[in-house]
Amino acid sequence: MNNNNEVRTRFAPSPTGYLHIGGVRTALFNYVYAKHFGGKFFLRIEDTDLDRSRKEFEFDILDSLKWLSITPDEDAVYQSNRLEIYKSYADRLLKEGKAYLCFCSKELIEEDRNRFASEGKKPMYSGRCRNLRPEEKDCSMPHVIRFKAERGEGLRTGFKDLARNRFINFNNNEIDDFVIVRGDGIPTYNFAVVIDDALMEITHIIRGDDHVSNTPKQIMLYNAMGFNVPEFAHVSMILGSDGKRLSKRHGAASVSQYKKDGFLPEALNNYLIRLGWSHGNDEIFYMNDMIKYFDLKNISKSAAVFNTEKLLWLNSRHIRSKDPFVLIDLANDIRDISQKPLVNDIRTVALVESLKSRIKTLVELRQKLDFFINESIEYKSEILNEFTFDENSLIFLKAFKGFLNGLNSKIFECDVDLSKKNEALEMLKNSVESIKGEFNDFLSKNSWTMKEKATIIRLALTGEKISPPLYEVIFAVGKERCIRRIDKFCDYIDIKR
RNA sequence: GGCCCCAUAGUCUAGCGGUUAGGACGUUGCCCUCUCACGGCAGUAGCAUGGGUUCGAAUCCCGUUGGGGCUGCCA
C-alpha cells in the first residue's frame with residue numbers, strides 16, 4: 001500500500017492485437033476494484049515488443065476502453081518512453097551483482113535446452129555466464145542481461161493470491177536466471193512490469209491466470225530492487241465453446257467487433273463481470289453496482305466458457321432499459337456507411353419503442369425497421385406464396401383503404417418537440433390509441449376480427465409475416481404511404497390470382 | 001516431461017460440515033396474444049472419481065482422472 005493508503009490498479013495490455021474479451025474482463029476487474037475503494041485505475045501500454053506492437057492496436061484498445069467506460073484516471077503510460085528508466089535499474093542490478101551479462105548465443109542456449117529435455121530435466125539456462133571473471137566479459141560482444149535468481153536448498157518464493165485466498169509458492173530451483181534486458185537493450189516483460197508497477201505505486205495486480213508462474217520471478221525482482229511487493233490476484237482464463245483458451249492469438253472476438261454487431265457496452269460489461277465473479281444470485285449489474293459490490297473474494301477459481309447466448313440475453317435486457325431516442329442514436333452510431341441513418345422522429349420512436357422487447361442487438365433493430373426505412377417495399381413471392389388470397393381479400397383491403405382515408409390526419413401529426421421526451425411519448429401513445437379505437441370500430445361494424453385480418457394487413461403494409469404491432473406500424477408508416485402500399489399489394493395479389 | 005492452478009446441470013454460478021443442492025442463460029410445455037417478442041406459470045438437467053476425517057460431507061484431507069497455464073531475448 002502506498003503512502004495515502006490508496007488502492008491503485010492498472011491494466012497493462014500490449015498493443016499486439018485488438019482489445020478482446022479476456023483483456024476487457026481484466027481491465028474491468030481492475031477498474032471496479034480500484035473504484036470500489038475510491039482508488040485509482042491506470043492504463044499502461046506495454047509496447048516493448050517492437051516487432052509485434054502496432055499503433056492500430058493501440059488506438060483500438062484506447063477506443064474500446066473508452067466505449068466501455070473503463071476510463072483511466074491519468075493518461076496512458078507507454079513503456080517505449082521509459083527505456084532509460086529500465087536501463088538505470090539494470091545497471092544498478094549489475095553493479096550490485098544481482099544480475100549478470102550473458103554472452104551465450106541463441107543457438108547455444110537452444111542446444112542446452114534440447115540436451116536438458118532429452119535428459120528429462122527442466123530446460124533452463126545453464127548458468128554458464130553466471131560467474132564469469134571480469135576478463136571474460138567483453139561488452140562489445142552481443143549480450144543480454146540475466147537476473148541472478150537466488151539459489152539455495154529448499155529456498156522458495158511465493159505470494160498470497162487474493163483470488164484464491166491462499167499461498168502459492170515455487171521452489172527457487174524452478175526459476176531460471178531469466179533475461180531482463182534483451183540483446184537490443186530493450187527490457188523484457190518481467191523486468192519492465194515490475195519497475196513500472198513499483199514506480200506507479202500499483203497496490204493490487206489483478207491479471208490473468210497465465211501470469212501465475214511469472215509472479216515469483218517478479219517478486220524476486222521487487223526484492224532485488226528494494227521495492228514493496230504489491231498484492232496479487234490471478235483471474236482464471238476465459239475459454240471458447242470448444243473448451244480451449246480464448247485469447248487474441250486464438251481468435252477471440254474483439255470489443256470493436258461486438259460493438260459493430262450491435263452489443264451495448266453495458267451488456268458486455270455486465271456479462272464479463274459475471275463471468276468469473278458473482279454477487280449472490282444477481283445477474284443484472286450496471287457500472288455503479290459493480291463498483292459497489294465487487295470483491296476479490298467472490299472471484300471464481302475455475303475457468304469459464306464464453307457463452308454468446310447469455311450475452312445476447314443481457315444485451316436484450318439492457319436494450320429494453322434504454323429509451324427509444326437513445327436507441328436510435330446508438331443504432332446510427334454503428335450503422336454501415338452504405339445505410340441510411342434512422343431519423344430521430346416520433347414515427348421511428350413509435351416503432352423502436354415497440355421493438356425494444358423484440359430484439360437482442362442493435363443490428364437486429366435496424367433489420368426490423370427495414371420496411372419503414374425504405375420508402376416502398378417489395379413483396380416477395382417466397383413469403384406471399386404461403387398464403388392464399390381471394391375475392392374477399394380484395395374486398396377487405398378496399399374497405400381498409402377507405403378506413404385509412406377516413407382517419408383524421410391529426411392522428412398522424414408528427415410535429416412534436418423531441419427534447420420533451422415524455423410529452424412526445426404521450427402524444428405518440430394517444431395517436432396509437434386513436435388508431436386502435438377507430439380500427440376496432442371499423443372491424444366490429446363489419447363483423448370482422450383482428451385475429452382474422454391482422455395477417456393480410458401486416459403483409460400489405462410491411463411485406464413481412466412478422467412485424468411490430470400493427471397500430472404502431474400504421475402510425476409510423478403514415479396514412480398516405482399505407483394507402484400506396486395497399487394499392488401495390490392489391491395489384492400484386494390480383495395478378496397472382 | 002517438470003512446475004503451478006482448477007473441478008456443482010449443455011453454459012455462467014450460489015453454497016463455505018446438517019439445504020427437498022438455490023438462481024440465471026439455454027431448452028420443453030402451457031397461459032397471454034394481431035404476427036413475433038415481452039411477461040407469467042410449470043418442467044428439464046448437476047456436486048468427475050476412489051479413499052479417508054466426522055454422528056453427518058458438494059463443503060475438510062489424500063490419491064486418481066480430466067481440463068487449463070507456464071516452461072521465450074512474447075506479454
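The chains referred to below are lettered A, B, ... by the order of the sequence lines, with proteins before strands, and numbering in each begins at 1. All heavy atoms count here, side chains included; hydrogens, waters and symmetry mates do not.
Of the candidates C12(B), C4(B), C38(B), the closest approach to any side-chain atom of Ser357(A) belongs to C38(B). Closest to the side chain of Val305(A), from the set C73(B), C12(B), U71(B), is C12(B). Distances were taken from every side-chain heavy atom of Val144(A) (C-beta onward) to each of C6(B), C5(B), C73(B); the shortest belongs to C73(B). Comparing C4(B), A7(B), C12(B) by their closest approach to the side chain of Ser302(A) singles out A7(B). In this structure, of C70(B), U13(B), G2(B), it is U13(B) that holds the atom nearest to the side chain of Ser278(A).
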Assign a letter to each nucleotide of nucleotides 20-35 of chain B from its 5' end: B, base within under 4.0 Å of a protein heavy atom; S, sugar-phosphate only; -, no contact.
--BBBSS-------BB
Readout for nucleotides 41-50 of chain B: B = base within 4.0 Å of protein heavy atom, S = sugar-phosphate only, - = neither; 5' to 3' it is ----------
Give the B/S/- string for nucleotides 63-68 of chain B, one per nucleotide from 5' to 3', where a protein heavy atom under 4.0 Å of the base yields B, of only the sugar-phosphate yields S, and otherwise -.
-----S
Steps toward side chain to side chain donor-acceptor pair (under 3.5 Å) verdict (Ser14(A), Thr16(A)):
CA-CA 6 Å; Ser14(A) 66; Thr16(A) 53; 3.1 Å; yes
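Taking atom C1' on both nucleotides, G40(B) is separated from A58(B) by 33 Å, rounded to a whole Å. Rounded to a whole angstrom, the distance from the P atom of C38(B) to that of A24(B) is 15 Å. Taking atom P in both A75(B) and A48(B), one finds a spacing of 39 Å when rounded to whole Å. With both ends at atom P, the span from U53(B) to U71(B) equals 42 Å, rounded to whole Å. Between G29(B) and G66(B), the two P atoms lie 39 Å apart (nearest whole Å). For the C1' atoms, the distance linking G43(B) with A7(B) amounts to 28 Å, nearest Å.
When the nearest nucleotides of RNA chain B are assigned to Lys106(A) and Val212(A) by heavy-atom distance, the more 5′-ward of the two goes with Val212(A). Closest-nucleotide positions on RNA chain B for Val179(A) and Asn171(A) were compared, and the one nearer the 5' end corresponds to Asn171(A).
Less than 6.0 angstrom separates the ring centroid of Phe403(A) from the ring centroid of Phe439(A). Aromatic pair His204(A)/Phe29(A): ring centres not closer than 6.0 Å. Residues Tyr286(A) and His318(A) place their aromatic rings such that the two centres sit under 6.0 Å apart. Residues Tyr379(A) and Phe489(A) bring their aromatic ring centres within 6.0 Å. Proximity of the aromatic rings of Phe159(A) and Phe167(A) is defined here by a centroid distance below 6.0 angstrom, and this criterion is not met. Between Phe285(A) and Trp277(A), the ring center distance clears the sub-6.0 Å criterion.
Within the structure, every side-chain polar atom (N or O) of Arg52(A) is placed at least 4.0 Å from both OP1 and OP2 of G72(B). Side-chain N/O atoms of Arg156(A) include none lying less than 4.0 angstrom from OP1 or OP2 on C3(B). Using a 4.0 Å cut-off, no side-chain N or O of Arg164(A) falls inside it from OP1 or OP2 of C4(B). The phosphate of U13(B) has OP1 or OP2 within less than 4.0 Å of a side-chain N or O from Ser300(A).
Between the CG atom of Asp177(A) and the P atom of C73(B) there is a distance of 12 Å, rounded to whole Å. The distance between atom CD1 of Ile168(A) and atom P of C3(B), rounded to the nearest whole Å, is 16 Å.
Residue Glu452(A) places its CD atom among more than 12 non-hydrogen atoms of other residues, nucleotides or ligands, all under 6.0 Å distant.
Judged by distance alone, with hydrogens and angles left aside, the side-chain atoms of Ser278(A) form no donor-acceptor pair with the main-chain N or O of Arg274(A) at under 3.5 Å. Not a single donor-acceptor pair under 3.5 Å links the side chain of Arg485(A) to the backbone N or O of Ala460(A).
Using a 4.0 Å heavy-atom criterion, one finds that Arg113(A) contacts the sugar-phosphate atoms exclusively.
For Lys380(A) and Glu464(A), the salt-bridge test passes: some basic side-chain N is under 4.0 Å from an acidic carboxylate O.
By the 30° and 60° cut-offs, the orientation of the rings of Tyr258(A) relative to Phe306(A) is tilted. The aromatic rings of His279(A) and Tyr293(A) sit parallel to each other, their planes meeting at less than 30°, with 60° as the upper class boundary.
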